[in-house]
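Report on one structure; see the data block that follows.
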Amino acid sequence: MFLAFGATCCSACSKSPAEPDNNGNGNNKEEVNLAERNLERAVILIENALSHYSKDGTMALSMTYNPFSSTSSDNLVSIWEYTSAVEAVSAAMNSMIALKESGNSKIYDSKFASFSAMLEKLYSGMDYYKGTFTLTSYTGTAEWSPYGVHRASSPGGAAVAGIENAYDDQMWIVRELINAWRATGSAKYLERAEYLTAYVLDGWDCTLDASGKENGGITWGPGYVTKHACSNSPMITPLVWLHEIYRGKSDEITYGAVNADNTRVKKTAKKADYYLEMAAKIYFWQKGCLLREDGVYDDLMGGYRTGGGSPEYETVGGERYRKNTALYDRVGPAYSYNSGTMLSGVADLYGATSEAAYLSDAKTLTDKSFSYFAKLGATKPGLYTYSVTDNNAWFNDVLLRGYIAAAEYFSGADVCVNSFQDCLDYAWENYLENNTLPVSLLAGWNMDRTKNNVNLMFTFARAAEYATLSGYQLKKGK
C-alpha cells in the first residue's frame with residue numbers, strides 16, 4: 001500500500017464556490033506530488049476491484065463485494081454498472097499519460113501496458129450486453145446494435161428491444177469510449193462511440209409543435225415516453241468532444257429530420273457542426289424543461305395523457321414513424337448526477353464557443369448545486385457530506401466531473417473539487433479495508449460486517465474520482 005500524502009486539510013471549508021481562489025496555481029511540485037498520489041490510489045482500487053468482482057475470464061462482473069468476508073455476489077452487474085469499470089480504467093490511463101507528460105513517467109512505465117490490456121478485456125466483455133433489433137423512430141426504421149441492460153450468456157445475444165435498452169446507458173458508454181480512444185488512439189473505440197451517438201440522436205424528438213419548433217428531448221429509451229435528465233444531459237459533453245475531434249475537418253454526417261409539413265427528410269452536415277448543434281439543443285431542452293427554482297435539475301418530464309406509457313406512431317406518406325407524446329409534468333427528485341452532467345456540459349459548451357452565457361450558467365449551477373448537495377459538518381466536522389443513499393455514491397462521481405470541468409474556466413469551482421478530495425482522503429486514511437472504500441466515505445463501515453457489501457459501481461466511482469483528481473491537480477500545477 002502507498003503511504004498517504006500528508007494529512008488532510010479542509011480546503012473547502014472557508015469559501016463558497018462563487019469566491020475566487022486568490023492563491024494562484026500553487027506550487028508545481030506539490031500539485032504533481034498530489035497528482036501522483038491520487039493516481040497511485042486509483043490504481044490500487046482498480047486492480048483490486050477487478051480481482052474482487054470478476055467472476056471469470058469473460059469479464060463477468062459481480063454486483064457486490066464484501067471486503068470483510070472477501071466474498072462477491074452471484075448476481076451480475078447491468079451494463080450501466082459495468083461501464084463504471086471502463087470509466088475508471090480509461091481515466092487512470094489518461095492521467096498516466098498526463099503525469100508522464102509532466103515529467104513523471106513512473107506509473108505510466110509500470111502500469112500503462114497492463115491497463116491497456118485491461119481496457120481491451122472490458123471492451124470485449126461488453127459484447128455480452130450487445131444485441132440487435134429493428135427500431136422505428138421519429139424519422140425512419142433501421143436495424144441497430146446497442147447495449148442491453150442485462151448480460152447475455154453469449155456475445156451479441158443480449159435482449160435489446162423496447163425497454164431492454166436505455167439511451168442513457170449508451171451515453172455513458174459513448175463518453176468512456178471517447179476517453180478510451182484518447183488513451184490508446186485505437187480507432188475502434190471512436191468508431192463505436194460514433195455509432196452509438198448516431199443511435200442516441202436517432203432518439204431525439206425532432207417532431208414539430210404547433211409553432212414549428214422541435215418538441216425536443218430524448219426518451220429514457222426507445223420503449224419509453226418519459227424524457228429524463230439522465231437520457232439527455234449525459235450526451236452533451238461527448239457531443240462537444242466529438243465536435244472538437246472533427247473541428248476543421250471536412251467529415252460529414254447524414255441524419256433524419258422532420259419538415260414543416262410533417263414529411264421526413266435526410267440532411268447532411270459537417271460532423272463538427274452537427275455535433276455542436278445537437279449538444280446545444282439538448283442543453284437548452286433540459287434547461288427549459290427540468291431546471292428547478294432552487295437552481296438544480298429535476299429527474300424527468302412525465303405526465304403523458306395519451307398512449308398509456310407506450311410509444312405512439314403515425315403513418316406519413318405510407319411510412320410508419322414514431323410521433324411525439326406530449327408530457328406535462330416535471331418530476332423530481334433532484335439527483336446530483338443530473339446537475340453534474342449539465343454542469344460539465346455547459347462548461348464544455350463554453351470551452352467550445354466562448355459564449356459568456358454558458359460561463360454564467362456554469363458559475364450559477366456550481367454555486368447552486370454545491371449549496372444543495374454538499375452539507376458541511378453533517379457527518380464529520382469540517383468535511384462536506386454528500387448523500388450516498390440509493391445510487392448517489394456514483395451520482396456524486398458525475399457531479400465531481402462537472403466541478404472539474406467548471407474549474408478549468410473559473411476558480412470558484414476549486415472549492416467543490418477540494419471537498420471531494422478531502423472526503424476521499426479521510427476514508428482512505430480511516431476506513432480502507434482490503435483495498436476497498438466504504439459506501440459512505442465519512443461514516444465508514446457498518447458494525448455488522450455482513451452488511452458491508454459494496455456495489456461494483458461505487459468502488460470504481462471512487463477510483464475514477466482519484467484518477468480524475470490526479471488530472472485536475474496536474475492542470476493546476478501548470
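Taking a cutoff of 4.0 Å between a charged side-chain nitrogen and a carboxylate oxygen, Arg401 and Glu87 qualify as a salt bridge. Under a 4.0 Å N-O distance rule, the pair Arg37/Asp425 qualifies as a salt bridge.
Checking Asn179 against Arg182 by side-chain atom types alone, a donor-acceptor pair falls below 3.5 Å. For the 3.5 Å distance criterion, the side chains of Ser344 and Arg175 fail to qualify, holding no donor opposite an acceptor. A donor-acceptor contact closer than 3.5 angstrom links the side chains of Tyr386 and Ser419. Side-chain contact annotation: Tyr167 with Asn232, donor-acceptor N/O pair under 3.5 Å absent. Residues Asp299 and Asn338 have side chains that bring a donor and an acceptor to within less than 3.5 angstrom of each other. Between the side chains of Tyr199 and Asn165, at least one donor N or O sits under 3.5 Å from an acceptor N or O. When only modelled atom types and interatomic distance are considered, Ser102 and Asn104 share no side-chain donor-acceptor pair under 3.5 Å. Side-chain atoms of Thr71 and Asn66 include no donor-acceptor pair closer than 3.5 Å. Residues Tyr65 and Asn434 have side chains that bring a donor and an acceptor to within less than 3.5 angstrom of each other. A side-chain donor from one of Tyr275 and Glu194 sits under 3.5 Å from a side-chain acceptor of the other. Between Ser339 and Ser369, the side chains place no donor N or O within less than 3.5 Å of an acceptor N or O (distance only, hydrogens not considered).
Counting only heavy atoms from C-beta outward, the side chains of Ser387 and Phe373 never approach each other to under 4.5 Å. Looking at heavy atoms from C-beta onward, Tyr147 lies out of side-chain contact with Tyr82 at the 4.5 angstrom threshold. Tyr335 has its side chain out of reach of Tyr297: every pair of non-hydrogen atoms, C-beta onward, lies at least 4.5 Å apart.
The backbone N or O of Lys363 lies less than 3.5 Å from no partner atom in the side chain of Asp367, so there is not a single donor-acceptor pair. Not one N or O on the side chain of Tyr189 forms a donor-acceptor pair closer than 3.5 Å with the backbone of Glu176. Checked by atom type and distance alone, the side chain of Lys271 never pairs as donor or acceptor with a backbone atom of Lys249 at under 3.5 Å. With Glu81 contributing its side chain and Ser78 its backbone, the two residues share a donor-acceptor pair below 3.5 Å. The backbone N or O of Ile173 sits nowhere less than 3.5 Å from a side-chain atom of Thr83 that would complete a donor-acceptor pair. When atom types are taken as modelled, the side chain of Trp220 and the backbone of Ala166 share no donor-acceptor pair closer than 3.5 angstrom. Remark: the backbone N or O of Val331 is not paired with any side-chain donor or acceptor of Asp329 at under 3.5 angstrom.
Between Phe420 and Tyr384, the distance from one ring center to the other does not fall under 6.0 angstrom.
In this structure, Ile236 CD1 and Met342 CE are separated by 5.0 Å, a value rounded to the nearest 0.5 Å.
Residue pairs meeting the salt bridge (Lys or Arg N to Asp or Glu O under 4.0 Å) criterion with at least one member in residues 44-69, sequence neighbours excluded: Glu47-Lys111, Lys55-Asp74.
Of the candidates Asp361, Leu276, Leu359, Leu276 is the only one forming a side-chain contact (heavy atoms from CB on, under 4.5 Å) with Leu349.
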Applying ring pair (Phe, Tyr, Trp, His ring centres under 6.0 Å), run through Trp80 and Trp394 and close with a yes or a no.
-> CA-CA 11 Å; Trp80 172 35; Trp394 182 82; 5.4 Å; yes
